[in-house]
Amino acid sequence: MIKQQQKTASIRGFFFLLLLLFKSKITHLCTGIIQTMFNNRPELEKDDFYSLINTIIAKGRDYGNTTIGNGQKVNIEFVSANPTGYLHIGHARGGAYGDALANIMIKSGFNVHKEFYVNDGGNQINKLGKSIEARYLELLGEENVLPEDGYHGKEIIQVAQNIIDASGDAYKEDGFEHFKEYGLEFLLDRLKGHLVEYRIEFDEWFRERTIYQGDLQETVKQIKDNGFTYESEGATWFKTSEFFDEKDRVMIKSDGGYTYIVPDIAYHKNKFERGYEVLIDVLGADHHGYMDRLRSAMEMIGKDSTKLEFQILQMVRVYQDGKEVKMSKRSGKAIGLKDLIEEVGVDPIRYFFAARALSSQMDLDLDLALRKSNENPVYYAQYAHARICSVLRLGKEQGIEPTKVEVYDYLNEKASGLLTLLSTYPRVIDECATKRIPHKLTNFIQELSSEFHSYYNAEKFLTENKTETNEKLRLIKAIKIVLNDALKLIGVSAPEKM
RNA sequence: GCGCUCAUAGCUCAAUUGGAUAGAGUGCCUGACUACGGAUCAGGAGGUUAUGGGUUCGACUCCUAUUGGGCGCGCCA
């Protein structure tokens, strides 16, 4: 059956290659042939898949590791939420993407550094201080109004309460600096904690403030010295339109302060100077206008802007009770990552976001997500893993420990389908890494789980025939290894029991 | 108004340099061995890929116009 399909397929493939030939695209011919072959997942030679099982079991989680990244130094910056409130669902998406991508790229041989940029220097920290101050005075019974552009989240009230618990009304008169610093550190600490719970750990928390010692002035000087600035309307502008931008931007405001982009330029300059060959920024769609500016600025300071890569994530729209829930931190109505984890669990959330291309705009019905969380395909994959564990466990109880085999006699067509799928794993990993599309891996997970479940239902594993049992257990052990690895890469657990 | 971006089965989404009959899940319908875990399996129905043109041997994919969402648009970050 499989062979039959392949045969007709390759005949069609042949015609289409002939057509290419007529167009004299000889170069494409070879890749065409190769692609056609790979895409069809040709049956492995018997000898190959015997050794594949043994290879996978011998290598364990190292199976699928490749060297395509060639040790290239990559910096992935993601989440980078302002420490002015807790993380919301949009950060959950960026986080799931960035972390999965990083893990996959590491597996493909890239030298990856995961970084979180902490905006602790800008005006929003002042707003944070003011917001805390307002809540603080409010809690002390003073007449006070929270600024309209302040942060309205519940967590701000908690920060204020903490300060009162610790030192009463000691900061009633002059507490702004304390509110700022305490709030920043408190929120940052919580934010780290929530991310750890979400199974994301960064290699570096880069503080914006460290830029202020040197890099910032140097960046400004460099742009000026290179002749990319001019004065107008009392402000200093820089000529981003000479590169990729549609118009020039203000660099130094008429009040003498830098605009928000200046520290960012300095930060990226810093990243370049730390020797990264690829800089990946995972940004929300609301920052897409940013790319051209930043790339232009990189050119002005002599950096290769093509090394700066942006992955833009489309917004997640959240609906609850049939109404859209806005995710602004200012409004304080955001659906918190923390709440989401508590209600739904980390696995479904990580899988859900990892499974979707970054470019897809998605509507998330929260009621549905909470109520019907069992519909998440993550359970399907986890169940496959748990089932394998269960069979292996039962086998062990019966004293059966799979041992290495050179020649397999009891593996049928379904088994060979599974093995060909397993053999594609390294290529899937490479594709995910080089195209920055971790969601491709969830497709693989789904396919592997599906083929396993089908095989499971059709076969008996613990049989009277010891040789047969042994071979089948070897096979599912190999599946387990790959399934486990793939799930771990996207931050999802692979439970032994469910 | 200008720019960017998105639109695929009832719903949520795949199809990633333009390639084979557009695939999964969910929902709906019909079935499955007392089952090594039924959170599973086997099968069925469900599509003018938003719409109209164009390029190509070939278009979900590229170009163009239109419609409808989202986001952004010089001294906020």
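All figures in this text were calculated on a predicted structure; none of them were measured in a lab. Residue numbering restarts at 1 for every chain, and letters A, B, ... go by the order of the sequence lines. Atoms considered below: every heavy atom in the structure, side chains included; atoms not considered: hydrogens, waters and symmetry mates.
- The side chain of A/Ser390 lies closest to B/C36, out of B/A42, B/C36, B/C75.
- Under 4.0 Å is where a charged nitrogen must lie from a carboxylate oxygen, and between A/Glu459 and A/Lys414 no such pair does.
- Nucleic acid contact for A/Ala357: base, since at least one base atom lies under 4.0 Å from a heavy atom of the residue.
- When heavy atoms are screened at a 4.0 angstrom cut-off, A/His453 is found touching the sugar-phosphate backbone but no base atom.
- Under 4.0 Å is where a charged nitrogen must lie from a carboxylate oxygen, and between A/Glu177 and A/Lys180 at least one such pair does.
- The side chain of A/Val391 lies closest to B/C36, out of B/U17, B/C76, B/C36.
- When the P atom is compared between B/U48 and B/A42, the two are found 27 Å apart, to the nearest whole Å.
- Projected onto RNA chain B by closest heavy-atom contact, A/Arg249 and A/Ser360 fall at different nucleotides, the more 5' of which corresponds to A/Ser360.
- Judged by atom type and distance alone, A/His287 does not reach the base of B/G72 through any side-chain donor-acceptor pair under 3.5 Å.
- Straight-line distance between the P atoms of B/G52 and B/A9: roughly 16 Å, to the nearest whole Å.
- Between the P atoms of B/C4 and B/A14, the separation comes to 23 Å (whole Å).
- For A/Val250, counting side-chain heavy atoms from C-beta on, the closest listed nucleotide (B/C76, B/C75, B/C6) is B/C75.
- With both ends at atom P, the span from B/C2 to B/U66 equals 9 Å, rounded to whole Å.
- Rounded to the nearest 0.5 Å, atoms NZ (A/Lys497) and SG (A/Cys389) are 10.5 Å apart.
- Closest approach to the A/Gln446 side chain among B/C13, B/A24, B/A77 is made by B/A24 (side chain taken as heavy atoms from C-beta onward).
- Across the strands present, B/G1 finds its partner in B/C73; the criterion is a Watson-Crick or G-U wobble pair with both atom distances under 3.5 angstrom.
- Straight-line distance from the CZ atom of A/Arg387 to the C1' atom of B/A39: 9 Å, rounded to whole Å.
- In this structure, A/Arg387 satisfies the cation-pi test against A/Tyr456, with its NZ or CZ atom closer than 6.0 Å to the six-membered ring centre and inside 45 degrees of the ring normal.
- Scanning atom types as modelled, no donor and acceptor separated by under 3.5 angstrom connect the side chain of A/Tyr379 and the base of B/A39.
- Taking the side chain of A/Lys253 as heavy atoms from C-beta on, and the options B/C76, B/G37, B/C71, the nearest nucleotide is B/C76.
- When heavy atoms are screened at a 4.0 angstrom cut-off, A/Ala386 is found touching base atoms of the nucleic acid.
- Put simply, CG on A/Leu441 is 17 Å from P on B/U16, counting in whole angstrom units.
- Taking only side-chain atoms of A/Tyr383, from C-beta outward, the nucleotide of B/A39, B/C76, B/G74 with the closest atom is B/A39.
- Within 4.0 Å (heavy atoms only), A/Ser254 reaches at least one base atom of the nucleic acid.
- Taking only side-chain nitrogens and oxygens, A/Ser454 comes nearer than 4.0 Å to OP1 or OP2 of B/A42.
- Comparing A/Ser359 and A/Glu496 by the nucleotide of RNA chain B that holds the closest heavy atom to each, the one mapping nearer the 5' end is A/Ser359.
- Regarding A/Glu246, its CD atom lies at a distance of 8 Å from the P atom of B/C4, rounded to whole Å.
- Nucleotides B/U17 and B/U61 place their C1' atoms 11 Å apart, quoted to the nearest Å.
- Going from atom CZ of A/Phe244 over to atom P of B/G72 covers 24 Å, rounded to whole Å.
- Which of B/U40, B/C4, B/U16 sits closest to the side chain of A/Ile437 comes down to B/U16.
- The pair A/Glu115-A/Lys271 fails the salt-bridge criterion, with no side-chain N (NZ, NE, NH1 or NH2) lying under 4.0 Å from an Asp/Glu carboxylate O.
- Distance A/Tyr456 OH to B/A42 P: 14 Å, rounded to the nearest Å.
- Within the 4.0 angstrom heavy-atom criterion, base atoms lie near A/Ala235.
- In this structure B/G52 sits in a base pair with B/U64, meeting the Watson-Crick or G-U test at under 3.5 Å.
- Looking at heavy-atom distances under 4.0 Å, A/Met291 makes no contact with the nucleic acid at all.
- Annotation: B/G58 and B/G18 have their C1' atoms spaced 8 Å apart (nearest Å).
- If you take OH of A/Tyr260 and C1' of B/C73, they are 10 Å apart, rounded to a whole angstrom.
- The base-pairing partner of B/C28, taking Watson-Crick or G-U wobble contacts with both distances under 3.5 Å, is B/G44.
- A syn base is found at B/G74: its glycosidic angle is within 90° of 0.
- The separation of B/U12 from B/U67, taken at their C1' atoms, amounts to 24 Å, rounded to a whole angstrom.
- In this structure, A/Glu397 reaches neither bases nor backbone, as no heavy-atom distance under 4.0 Å exists between it and the strands shown.
- For the residue pair A/His268 / A/Asp281, a side-chain donor-acceptor distance below 3.5 Å is found, with atom types taken as modelled.
- One P atom belongs to B/A22, the other to B/A45, and the distance between them is 14 Å to the nearest Å.
- In this structure, A/Phe78 has its ring center at least 6.0 angstrom away from the ring center of A/Tyr97.
- A/Ser232 comes within contact range of no nucleotide atom at all, as no heavy-atom separation falls under 4.0 Å.
- Looking at heavy-atom distances under 4.0 Å, A/Leu394 makes contact with sugar-phosphate atoms alone, never a base.
- Across B/G37, B/C41, B/U17, the shortest atom-to-atom separation from the side chain of A/Lys435 is found for B/U17.
- Note on A/Lys460: a base of the nucleic acid sits closer than 4.0 angstrom, heavy atoms only.
- Stacking between A/Phe352 and the base of B/C13 is absent under the criterion of ring centres within 5.5 Å and planes under 30 degrees.
- Nucleic acid contact class of A/Gln382 (heavy atoms, under 4.0 Å, all strands): none.
- The distance between the ring centers of A/Phe310 and A/His287 does not fall below 6.0 angstrom.
- Residue A/Tyr380 contributes atom OH, which lies 15 Å from atom C1' of B/A14 at whole-angstrom precision.
- Ring orientation note: the planes of A/Phe461 and A/Phe452 are tilted relative to one another, at an angle of 30° to 60°.
- Counting only heavy atoms from C-beta outward, the side chains of A/Ile125 and A/Asn119 never approach each other to under 4.5 Å.
- The nucleotide B/C57 finds its pairing partner in B/G19, both defining distances of the Watson-Crick or G-U wobble pair being shorter than 3.5 Å.
- With B/C73, B/A42, B/C75 as the choices, the nucleotide that has an atom nearest any side-chain atom of A/Glu233 turns out to be B/C75.
- In this structure, of B/A14, B/G37, B/C36, it is B/A14 that holds the atom nearest to the side chain of A/Asn443.
- Look at CZ on A/Phe452: it is 10 Å from C1' on B/U40, rounded to the nearest Å.
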